[in-house]
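Step one of this worksheet: look at the structure below.
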Amino acid sequence: MRILFCATNTKAEPWIAALRAALPGAEVEEWQPGARQADHAVVWAPPQQMLDEQPALQGIFNMGAGVDALLKLRLPPGAKLVRLDDAGMSVQMAEFVCHAVIRHFRELDVYEKDTAEGKWSFRRPRLRSEYPVGIMGLGVLGARVAQAVAHFEFPVLGWSRSPKQLAGVRCYSGEEGLQEFLAATRVLVCLLPLTADTEDILNRRTLGQLMSGGYLINVARGGHLVEEELIALLDDGHLAGATLDVFRTEPLPAGHPFWTHPKITVTPHTSARTLRDETIAQIAGKIHALERGEPVAGVVDPERGY
Ligand SMILES: NC(=O)c1ccc[n+]([C@@H]2O[C@H](COP(=O)([O-])OP(=O)(O)OC[C@H]3O[C@@H](n4cnc5c(N)ncnc54)[C@H](OP(=O)(O)O)[C@@H]3O)[C@@H](O)[C@H]2O)c1
């Protein structure tokens, strides 16, 4: 079995060494133009040339959960595209989102500013019941986040494409459930995949339906958000703030208004990082399953876009 590794902006050696250790007997190499045909590829943002040169690939294993960038490329016709599912990301996402929800709800950002100025000030406690948290996307990450937020006794709502039942989460689905979901949400968390149906979904119309004083946490993709419409809703007071981890252009360009907006907290696409050991173990397991003709979790449906 021959495996190519091709990941942009990633130091290849430790990954290749770990893949060789996890798949003894497999030939694992970093992709170079003109490389011999391989059976599988482990990739992150590969160049089109790599995919064009490898028509015999059976499996393309993405080193992340989101496949929106990969699906924009021409893929070898017989290859299954397989995403990471969880691999240590859902607990990171849960801690990041809980932190952002609690920081806003407990006004810790305001306390940080006050104490930095030497001010000993108290703010009136807020009512948890008035801060329902709505999670868009109840997949691997969204379901874990919903569970974690519910642990802090916030009312939790969720929205997905197909109907779901999750303990402690009021679930809505489809276009028909969106309006009711948004109207009952104060803190909105986006954990949708970026697809033709979800691009620009965080816009003036949808964010405008949130409870007044709403708060946005976008940890999915920058393409979900219409940036200038968020700024307008923050500036007219309908929204109280936003924590944004993902952006249309990354790194977020110098001079972008998000950097300095007083109601926006920026983090550099760090909410759930790919962890090497967990990722290698999961991909090795998936490669074994695919080789044995067994079902593989996390196979992407290109029609659906996730
Ligand atoms: N910021 C970061 O560091 C980071 C890290 C990892 C992932 N991400 C992002 O997080 C996304 C979600 O990851 P995941 O592993 O949870 O994905 P997933 O398991 O595929 O779950 C996607 C969820 O979104 C729902 N959905 C998809 N299209 C929809 C639509 N048109 N309307 C309503 N709901 C829709 C799905 O509904 P069904 O359940 O009905 O299918 C599912 O519940 C990834 O695609 C990636 O972009 C970001």
Side-chain angles (χ1 to χ4, degrees), residues 9 44-45 61-72 81-100 134-149 156-166 169-182 185 188-203 206 216-225 242-248 250-252 265-275 278-279 282 286 296-306:
N9 296 331
W44 182 251
F61 297 86
N62 189 42
M63 291 158 58
V67 290
D68 42 288
L70 256 183
L71 285 176
K72 288 198 183 112
L81 174 55
V82 187
R83 46 153 289 183
L84 284 187
D85 42 329
D86 199 336
M89 275 190 281
S90 76
V91 66
Q92 297 178 68
M93 200 52 104
E95 65 196 4
F96 185 96
V97 171
C98 286
H99 172 267
I135 294 151
M136 299 178 105
L138 292 173
V140 175
L141 302 181
R144 176 68 180 262
V145 167
Q147 198 184 35
V149 173
V156 181
L157 303 84
W159 183 67
S160 53
R161 204 163 75 119
S162 55
K164 294 252 174 314
Q165 285 193 327
L166 289 176
V169 182
R170 202 169 353 134
C171 293
Y172 299 82
S173 62
E175 198 54 44
E176 61 286 3
L178 183 57
Q179 199 176 338
E180 206 184 322
F181 163 80
L182 292 169
T185 291
L188 183 69
V189 180
C190 182
L191 268 169
L192 292 166
L194 184 61
T195 68
D197 290 336
T198 66
E199 187 163 12
D200 295 338
I201 195 165
L202 304 171
N203 56 45
T206 53
L216 172 67
I217 300 171
N218 187 17
V219 278
R221 285 289 182 265
H224 288 123
L225 177 64
T243 290
L244 306 175
D245 186 50
V246 287
F247 305 92
R248 285 194 178 257
E250 294 181 5
L252 187 63
T265 299
V266 167
T267 54
H269 200 146
T270 195
S271 51
R273 305 287 293 271
T274 295
L275 304 175
E278 285 85 342
T279 299
Q282 186 172 107
K286 287 173 190 283
V296 180
V299 175
V300 172
D301 175 352
E303 287 296 305
R304 213 174 55 157
Y306 68 102

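Both ligands and their constituent atoms are indexed starting at 1 by order of listing. All figures in this text were calculated on a predicted structure; none of them were measured in a lab.
- When the heavy atoms of Met93, Glu199, Met136 are ranked by distance to atom 4 (C) of ligand 1, first place goes to Met93.
- Contact between Ser271 and ligand 1 is present, with at least one heavy atom of the residue lying under 4.0 Å from the ligand.
- The shortest N or O to N or O distance between Lys164 and ligand 1 is under 3.5 Å.
- Neither the backbone nor the side chain of Arg273 has a heavy atom within less than 4.0 Å of ligand 1.
- Nearest to atom 24 (O) of ligand 1 by heavy-atom distance, out of Pro193, Ala143, Gly305, is Pro193.
- Residue contact annotation: Thr195 has no non-hydrogen atom under 4.0 Å from ligand 1.
- Looking at Leu138 next to ligand 1, an N or O pair under 3.5 Å apart turns up.
- When only interatomic distances are considered, the shortest N/O to N/O separation between Ala272 and ligand 1 falls below 3.5 Å.
- Only the side chain of Thr198 comes within 4.0 Å of ligand 1, judged by heavy-atom distances.
- Residue Asp197 places no N or O, backbone or side chain, under 3.5 Å from any N or O of ligand 1.
- The side-chain hydrogen bond (donor to acceptor under 3.5 Å, both in side chains) test applied to Asn218 returns no partner, not counting sequence neighbours.
- Polar contact with ligand 1: present for Arg83 (N/O pair, distance under 3.5 Å).
- For residues 81-95, every residue pair satisfying the salt bridge (charged side-chain N to carboxylate O under 4.0 Å, His left out) rule, not counting sequence neighbours, is listed here: Asp85-Lys286.
- Counting heavy atoms only, Leu192 comes closest to atom 35 (C) of ligand 1 of the residues Asp68, Leu192, Val246.
- For the pair Lys164 and Val169, the minimum side-chain heavy-atom distance is 4.5 Å or more.
- Scanning all protein heavy atoms for the shortest distance to atom 34 (N) of ligand 1 gives Arg161 N, 2.9 Å.
- Rounding to the nearest 0.5 Å places CG of Leu138 at 13.5 Å from CZ of Arg161.
- At least one N or O atom of Val140 sits closer than 3.5 Å to an N or O atom of ligand 1.
- Heavy-atom proximity to Ser160, at under 4.0 Å, picks out these atoms of ligand 1: 33 (C), 34 (N), 37 (O), 43 (O).
- In this structure, of Gly139, Gly66, Pro268, Pro163, the residue bringing a heavy atom nearest to atom 21 (O) of ligand 1 is Gly139.
- Proximity of Leu141 to ligand 1, defined as any heavy-atom pair under 4.0 Å, is shared by backbone and side chain alike.
- The distance from the CZ atom of Arg304 to the OG1 atom of Thr195 is 10.0 Å, given to the nearest 0.5 Å.
- Across all their heavy atoms, Val266 and Phe247 have their closest contact at CG1-CZ, 3.7 Å.
- Nearest protein heavy-atom contact of atom 12 (C) of ligand 1 is Leu191 O, 3.4 Å.
- Of all the heavy atoms of Arg221, the ones lying under 4.0 Å from any atom of ligand 1 belong exclusively to the side chain.
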